[in-house]
Protein chains: 2
Amino acid sequence: MNHIQNRQEYIEECGLIMEQSGLTRMVGRIIGYLAVTDKELVSFDEFTEVLQASKSTISTSVKMLTSMNLIKAATLPGDRKTYYRLAPDYCWSQILRLKTGILSIMYAMFIKGIEFRIRKTDKTAQWLTEAAEFYKFMEQEIPGLLDKWEAQKQLTK
Amino acid sequence: MNHIQNRQEYIEECGLIMEQSGLTRMVGRIIGYLAVTDKELVSFDEFTEVLQASKSTISTSVKMLTSMNLIKAATLPGDRKTYYRLAPDYCWSQILRLKTGILSIMYAMFIKGIEFRIRKTDKTAQWLTEAAEFYKFMEQEIPGLLDKWEAQKQLTK
DNA sequence: AAATAAGTTCGATACATACCGAACTAATAG
DNA sequence: CTATTAGTTCGGTATGTATCGAACTTATTT
């Protein structure tokens, strides 16, 4: 294939996209590098070199990714270094399950708004009710959707 | 009802929540104020006073909210001012429909990662494939979910 | 024990951007 | 035709935070 884009540009693009979706640029670069490298394991040190970042930034970034279960640390006998790889059997649905918390917060926010109103059935109150119902709907439906994904994934194994 | 929280605290809380969900604090305050005020229409000027914000901030904020269709401008005969209210018949599903763009971007990102790899069927390639499939699944399922919401809402009218 | 290696932590920096203030535009009023 | 009102625009500020650099920790090697 005739790649218009090289690996390094791809890694930077991953950084921008992951930043856009709420993580940090460096976290995105790490995922990007793990995606395109042909090595099975990448050392802490290799990240600092290939991503041109400080040890401290790599340290906090791999911790963030590890706590999200997106990457997994690995060690080798007779080797002091820590290596990383994309987490095997990562469950993608969990990335959304964690984010559904904001849905109930939005629901509660709109419901609470109604309680401040003198007229609890006017246009504004109706607007707030519909807003709250939308977020409640989403909060109820998304788990089912994620279950469906997990079940579907299980079948193909 | 015995409100532990007053209106002003509620408005600030709206600011923080909307900020958390990707908008700005001031935009959240505007929604919050429109939620709790008993006035049908709120003038530009009233926002600056009650939210203690500059005209420029209110100007950009109401523009943002107007472009999202969340609020609607209103004018009165013989009155030069612009008033605002929560948009009647706002379609809540659109707020998510707009955000689904990131899903296809994530899908494309993971697919592109595979193309850089020498081994296109190893563990990493499989990881990328599953990631891509997850985002494709979401991109496919969410419109249906939003349709379901819209249909359900239509029934109750 | 001294030196090296592998990460961590924490104060400082640099960058992005929400918000402000002042100058400006356009329309109406006196 | 000047003054006022209503809002916009744009350069600057200030706040939050991702990233950096240096000091520190802990373990290993010589």
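Quick note on labels: first sequence line is chain A, next is B, and so on, each numbered from 1.
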- [ ] Using atom CG of B:Leu16 as one end and atom C1' of D:dG16 as the other, report the distance to the nearest whole Å.
- [x] 13 Å
- [ ] For B:Tyr83, enumerate each residue passing the ring-ring contact (aromatic ring centres under 6.0 Å, His included) test, keeping only those at least two apart in sequence or located in another chain.
- [x] none
Task: Nearest-angstrom distance from the residue atom CD of B:Glu46 to P of D:dA6 - done: 13 Å
Task: salt bridge (Lys or Arg N to Asp or Glu O under 4.0 Å) pairs, two or more places apart, involving residues 43-59 of chain A - done: A:Lys39-A:Glu46
Open item on the list: Whether the side chain of B:Arg117 engages the backbone of A:Ala35 through a donor-acceptor N/O pair (distance < 3.5 Å, no angle test) should be reported.
Closed with: yes
Task: Qualifying ring pair (Phe, Tyr, Trp, His ring centres under 6.0 Å) pairs with a residue from residues 33-67 of chain B, counting only residues at least two apart or across chains - done: none
Pair up each side-chain donor or acceptor in residues 66-76 of chain B with any protein partner under 3.5 Å, not counting sequence neighbours, and list the distances.
residue : atom : partner : partner atom : Å
B:Thr66 : OG1  : B:Val62 : O            : 2.6
B:Ser67 : OG   : B:Met64 : O            : 2.8
B:Asn69 : ND2  : B:Gln94 : OE1          : 3.3

TODO: In whole angstrom, give the distance that lies between atom CZ of A:Phe47 and atom C1' of D:dC20.
DONE: 19 Å
- [ ] Only pairs at least two apart or in different chains count here, so list each salt bridge (Lys or Arg N to Asp or Glu O under 4.0 Å) that has a residue in residues 17-27 of chain A.
- [x] A:Glu19-A:Arg25
TODO: Report the distance from atom CG of B:Leu41 to atom P of D:dA6, rounded to the nearest whole Å.
DONE: 16 Å
Task: d(CG, B:Asp45; C1', D:dT4) in whole Å - done: 14 Å
Task: Spacing between B:Tyr83 atom OH and D:dG7 atom C1', to the nearest angstrom - done: 14 Å
Task: Letter per nucleotide, 5' to 3', of nucleotides 11-30 of chain C [B base touched, S only sugar-phosphate touched, - untouched; heavy atoms, 4.0 Å] - done: -------SSBB-----BSS-
Open item on the list: Check this one for me: any side-chain N or O of A:Ser59 less than 4.0 Å away from OP1 or OP2 of C:dT8?
Closed with: yes
TODO: Take atom CZ of A:Phe44 and atom P of C:dT9, then tell me their distance rounded to the nearest Å.
DONE: 11 Å
